[in-house]
There are 2 protein chains.
Amino acid sequence: MHSLNNLIIEFYDKLSSWEQSVVKDTGYSLAQVHTIEVLGSHGPMRMKELADRLGITTGTLTVQVEKLVQFGLIARTPHEVDRRSILVELTSEGTALHKHHNRMHLQLTQDITRHLDPESIKVLTQSFEKMNREF
Amino acid sequence: MHSLNNLIIEFYDKLSSWEQSVVKDTGYSLAQVHTIEVLGSHGPMRMKELADRLGITTGTLTVQVEKLVQFGLIARTPHEVDRRSILVELTSEGTALHKHHNRMHLQLTQDITRHLDPESIKVLTQSFEKMNREF
DNA sequence: ATTAATTTGTTTGATAATCAAGATATTTGG
DNA sequence: CCAAATATCTTGATTATCAAACAAATTAAT
């Protein structure tokens with residue numbers, strides 16, 4: 001258990017470094033790409049929910065979103081029922097960036113698992129499912 | 001492979017959120033705790049190496065280290081052979097913080113793996129070992 | 001139905017984190 | 001010995017962030 005814990009910490013650390021270098025190549029900041037990633041994988045959402053998912057305040061997000069809109073990566077649309085809210089969603093350009101980032105991730109996953117046999121991959125997948133559920 | 005990739009991304013995301021909330025409780029910033037974590041798990045090192053591991057410039061690190069020294073968490077000692085360098089290391093207080101953070105991590109690992117049978121944990125551990133090696 | 005409390009998003013002012021470029025001291029390789 | 005490389009620090013500017021105050025809309029209470 002102790003060693004598994006250390007391996008998880010090491011894994012997280014290496015994934016962070018990888019993410020940082022991959023993001024740097026896009027020309028956008030880590031926070032900006034992270035925003036795109038969340039919108040890409042969860043779909044359009046309101047400011048509050050997005051801020052919560054990113055772990056920042058809505059005040060900070062307002063500024064971030066303004067920049068991303070100017071970059072043409074996301075768009076704001078009024079919320080249909082709640083007129084206090086606005087929905088934030090990816091533009092086609094934002095979607096393209098998200099897909100590109102996703103391909104990088106997939107390539108990484110393929111790279112780091114290339115020495116795992118099919119059975120291990122199966123157990124690994126099931127284990128991640130269970131672990132993600134317990135967070 | 002596609003689903004495993006998504007699970008890894010989700011895992012990373014949840015671990016980030018967890019880390020953020022745990023760090024907030026310490027009263028120190030994410031960057032500061034991260035610095036303590038690296039020093040705690042790898043031992044004393046020079047500024048350059050620490051900056052590289054943290055993914056920041058030495059200029060940024062100089063400021064960060066100054067703060068952590070004032071907090072009493074780390075100490076600077078001259079490098080024995082290279083007089084250009086200084087070694088950064090944890091104080092006893094810094095070590096205590098690192099141990100505390102490590103216990104949090106261990107508890108989390110126990111929590112999220114509680115529905116995994118011993119055999120899966122074994123495969124999971126081996127898989128992480130192999131994946132970490134391929135980064 | 002009217003009022004009070006809550007929620008949502010924005011703005012503002014202050015602080016913290018970061019980088020790039022330049023300066024200094026030291027080491028390394030010829 | 002000297003030029004090039006390395007390690008750290010400093011400075012000036014930019015970016016990210018928060019907390020608090022605000023306005024608009026929704027929800028809850030009476």
(request) Would you indicate, yes or no, if C:dG9 has its OP1 or OP2 atom less than 4.0 angstrom from a side-chain nitrogen or oxygen of A:R46? (result) no
(message) Measuring from the side chain of B:T62 (C-beta onward, heavy atoms only), which nucleotide among D:dT10, C:dT8, C:dC19 has the closest atom?
(response) D:dT10
(request) For D:dT17, take OP1 and OP2 only and decide whether either is under 4.0 Å from a side-chain N or O of A:Q64. (result) yes
(request) Name the nucleic acid region contacted by A:I86, choosing base, sugar-phosphate or nothing; use a 4.0 angstrom heavy-atom cut-off, strictly under. (result) sugar-phosphate
(request) Spell out protein contact along nucleotides 20-26 of chain D as letters: B when the base is contacted, S when just the sugar-phosphate is, - when no protein heavy atom is under 4.0 Å; keep the 5' to 3' order. (result) ----BBS
(message) Heavy-atom nearest nucleotide on DNA chain C for A:K24 versus A:M47: which residue maps closer to 5'?
(response) A:M47
(message) Is it the case that the side chain of B:E134 and the backbone of B:M131 share a donor-acceptor pair, with hydrogens and angles ignored and the cut-off at 3.5 Å?
(response) no
(request) Given side-chain contact (heavy atoms from CB on, under 4.5 Å), test B:Q20 with B:K24 step by step and report yes or no. (result) CA-CA 6 Å; B:Q20 218 159 9; B:K24 189 172 290 175; 5.8 Å; no
(request) For A:L54 and D:dA16, give me the distance from atom CG to atom P, rounded to whole Å. (result) 13 Å
(request) Calculate the interatomic distance between A:H79 atom NE2 and D:dT27 atom P; express it in whole Å. (result) 10 Å
(request) Could you check whether A:S85 gets within reach of a base, just the sugar-phosphate, or nothing at all, counting any heavy atom under 4.0 Å? (result) sugar-phosphate
(request) Could you tell me the separation between the CZ atom of B:R76 and the C1' atom of D:dA7, rounded to a whole number of Å? (result) 13 Å
(message) Check this one for me: any side-chain N or O of B:Q32 less than 4.0 Å away from OP1 or OP2 of C:dA16?
(response) no
(request) Go through the structure and list residues passing salt bridge (charged side-chain N to carboxylate O under 4.0 Å, His left out) with A:E89, not counting sequence neighbours. (result) none
(message) Donor-acceptor pair, distance only, cut-off 3.5 Å: does the side chain of A:S21 make one with the backbone of A:W18?
(response) yes
(request) Please figure out whether B:L87 or A:K67 has its closest DNA chain D nucleotide nearer the 5' end. (result) B:L87
(message) Tell me whether the side-chain N/O atoms of A:T57 come closer than 4.0 Å to OP1 or OP2 in D:dC18.
(response) yes
(message) Would you call the rings of A:Y12 and B:Y12 parallel, tilted or perpendicular, taking 30° and 60° as the class edges?
(response) tilted
(message) Determine whether a donor-acceptor pair (N or O, by modelled atom type, separation under 3.5 Å) exists between the side chain of B:T62 and the backbone of B:T58.
(response) yes
(request) Please work out whether the ring planes of B:F128 and B:F11 are parallel, tilted or perpendicular, with thresholds of 30° and 60°. (result) tilted
(request) Can you tell me the distance, in whole Å, between the CD atom of A:Q20 and the C1' atom of C:dC19? (result) 13 Å
(message) Here's a test of your reading of the structure: between B:T58 and B:V63, which maps to the more 5' nucleotide of DNA chain D?
(response) B:T58
(message) Using the side-chain heavy atoms of A:I56, tell me which of these nucleotides is nearest: D:dC9, C:dA17, D:dT17.
(response) D:dT17
(request) Specify the separation, in whole Å, of atom CG of B:L50 and atom P of C:dT18. (result) 12 Å
